[in-house]
Amino acid sequence: MSRSFGDGALKRFALRDVTVDLFPGQLALLMGPSGSGKSTLLAVLSGLLPPDSGQVFAEDQGRTVDVWAMTDPEREQFRLRHTGFIFQGYNLFPALTALQQLEIVLKWGAGLDNAEARSRAEDMLKRLGLDQQKSKKPAQLSGGEKQRVAIGRALVKDPTFIFADEPTSALDWENGKVVLELLRAAAHSRQASIFVVSHDDRMKEYADVIYHLNEGRLEVEHNPAAPAPIHLPVEGFS
Ligand SMILES: Nc1ncnc2c1ncn2[C@@H]1O[C@H](COP(=O)(O)OP(=O)(O)OP(=O)(O)O)[C@@H](O)[C@H]1O
Ligand SMILES: [Mg+2]
């Protein structure tokens, strides 16, 4: 697919004829310099930003759906049910506590009752080391804590597709590893498709496949150092 911004002489391509396949059970890493189109690609694939040309297909319970041929409400439902998005700027709701940020997607998106939503949200925050922070609102959280809340919000509903834009940029390596293990477990234990943007070379060893984006063009590097798919029994991902 392609995507440009601007018109006429000011038209600039953020993505040029990009084709990418994301597979269930795979963690794909997307690298590339600032401005190369990484966030744009994530937005197009996840149903947030329409491409100028090209299509995005997703397998949905054995059925192939064309994400950009859906009506807006259909696409919104699809995103709510099946995709988790970790934004580069976190996009947390200022008025909600950490716990409420997670509960809300479980109640609205997954239709869980209050008790179930609370217990799953608490469990996820605990795994992200945020047990003590659950009653705080974003303004009372550090950058890394906000980032972990955003990650929890994307992962807590066990989505089929997870898009993560620099999910560890505000984290030290110990907390970053926790996040990467959670993402990898979602891929390898639940067969989710994960697409992670990062500049961090340390993340390469967690990836099954690595993509490089340069001035809107995509190249693939299969990772010879990739670990064999693991099947960790992960609590809460059943
Ligand atoms: N809404 C917009 N309007 C105009 N230009 C845009 C818009 N969004 C992105 N662009 C341009 O498209 C190109 C790709 O932007 P994108 O945000 O995808 O880059 P990126 O690879 O995610 O960069 P970074 O690593 O800095 O986050 C850039 O040149 C950017 O200026
Ligand atoms: Mg970006």
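Whatever order the structure lists them in is the order used to number ligands and atoms, beginning at 1.
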Engineer: Using distance alone, decide if ligand 1 has a nitrogen or oxygen within less than 3.5 Å of any nitrogen or oxygen in F5.
Structural biologist: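 No, there is no polar N/O contact under 3.5 Å.
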Engineer: Is it true that L80 and M70 fall in one hydrophobic cluster, defined by side-chain heavy atoms closer than 4.5 Å?
Structural biologist: no
Engineer: I want to check something: taking the side chain as every heavy atom from C-beta on, are R3 and L49 in contact at a cut-off of under 4.5 Å?
Structural biologist: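 SC-SC contact between R3 and L49 confirmed.
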Engineer: Would you say R12 contacts ligand 1, with heavy atoms under 4.0 Å as the rule?
Structural biologist: no
Engineer: Would you tell me which option among S4, G32, S39 has the nearest heavy-atom contact to atom 22 (O) of ligand 1?
Structural biologist: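 Of the listed residues, S39 has the closest heavy atom.
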Engineer: Is there a protein heavy atom at a distance of less than 4.0 Å from atom 30 (C) of ligand 1?
Structural biologist: no
Engineer: Would you confirm whether Q147, through its side chain, and G144, through its main-chain N or O, come within 3.5 Å as a donor-acceptor pair?
Structural biologist: no
Engineer: Going by an N to O cut-off under 4.0 Å, is there a salt bridge joining R202 and E205?
Structural biologist: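 Judged by the 4.0 Å cut-off on N to carboxylate O distance, R202 and E205 do not form a salt bridge.
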Engineer: Taking the six-membered ring for Trp, are F78 and H82 parallel (under 30°), tilted (30 to 60°) or perpendicular (over 60°)?
Structural biologist: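 Tilted: the ring planes of F78 and H82 meet at 30° to 60°.
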Engineer: List the closest protein heavy-atom neighbour of atom 25 (O) of ligand 1: residue, atom name, distance to the nearest 0.1 Å.
Structural biologist: K38 NZ, 2.7 Å
Engineer: Non-hydrogen atoms of A43 versus ligand 1: any pair closer than 4.0 Å?
Structural biologist: no
Engineer: Which option wins on minimum heavy-atom distance to atom 16 (P) of ligand 1: T40, V197, L42?
Structural biologist: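 Among T40, V197, L42, the closest heavy atom to atom 16 (P) of ligand 1 belongs to T40.
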Engineer: Would you call D123-K126 a salt bridge at under 4.0 Å N-O?
Structural biologist: no
Engineer: Around atom 27 (O) of ligand 1, find the nearest protein heavy atom and jot down its residue, atom name and distance.
Structural biologist: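 The protein heavy atom lying closest is Q88 NE2, 2.9 Å.
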Engineer: K38 vs D165, test: salt bridge (charged side-chain N to carboxylate O under 4.0 Å, His left out). Steps then yes/no.
Structural biologist: CA-CA 8 Å; K38 303 180 300 295; D165 205 344; over 6 Å; no
Engineer: Does F5 belong to the same Ile/Leu/Val/Met/Phe/Trp/Tyr cluster as L45, with side-chain heavy atoms less than 4.5 Å apart forming each link?
Structural biologist: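 Yes, F5 connects to L45 through the hydrophobic network.
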Engineer: Among all protein heavy atoms, pick the one closest to atom 26 (O) of ligand 1 and tell me residue, atom and distance.
Structural biologist: S34 OG, 2.5 Å
Engineer: Can you list the protein N, O or S atoms less than 2.8 Å from the Mg ion (ligand 2)?
Structural biologist: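 Hits for the Mg ion (ligand 2) below 2.8 Å: S39 OG, Q88 OE1.
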Engineer: Without swapping roles, check the side chain of Q140 against the backbone of K137 for a donor-acceptor pair under 3.5 Å.
Structural biologist: yes
Engineer: Just to confirm my output: which protein heavy-atom neighbour is closest to atom 23 (O) of ligand 1, and how far is it?
Structural biologist: G35 N, 2.8 Å
Engineer: Under 4.0 Å from a heavy atom of H199: which atoms of ligand 1 are those, numbered in the order shown and with their elements?
Structural biologist: 25 (O)
Engineer: Is the shortest heavy-atom distance from the side chain of I86 to the side chain of F163 under 4.5 Å?
Structural biologist: no
Engineer: List every atom of ligand 1 that sits less than 4.0 Å from any heavy atom of S36, numbering the atoms from 1 in the order shown and giving each element.
Structural biologist: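 Those qualifying, in numeric order: 19 (O), 21 (O).
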Engineer: Hey, which atoms in ligand 1 end up nearer than 4.0 Å to a heavy atom of P33?
Structural biologist: 21 (O)
Engineer: Answer yes or no: is there a side-chain heavy-atom contact under 4.5 Å between E219 and L213?
Structural biologist: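 Answer no - side chains too far apart.
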Engineer: For W173, is the CH2 atom crowded, meaning more than 12 foreign heavy atoms sit under 6.0 Å from it?
Structural biologist: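 Yes - once you tally the heavy atoms of other residues, nucleotides and ligands closer than 6.0 Å, there are more than 12.
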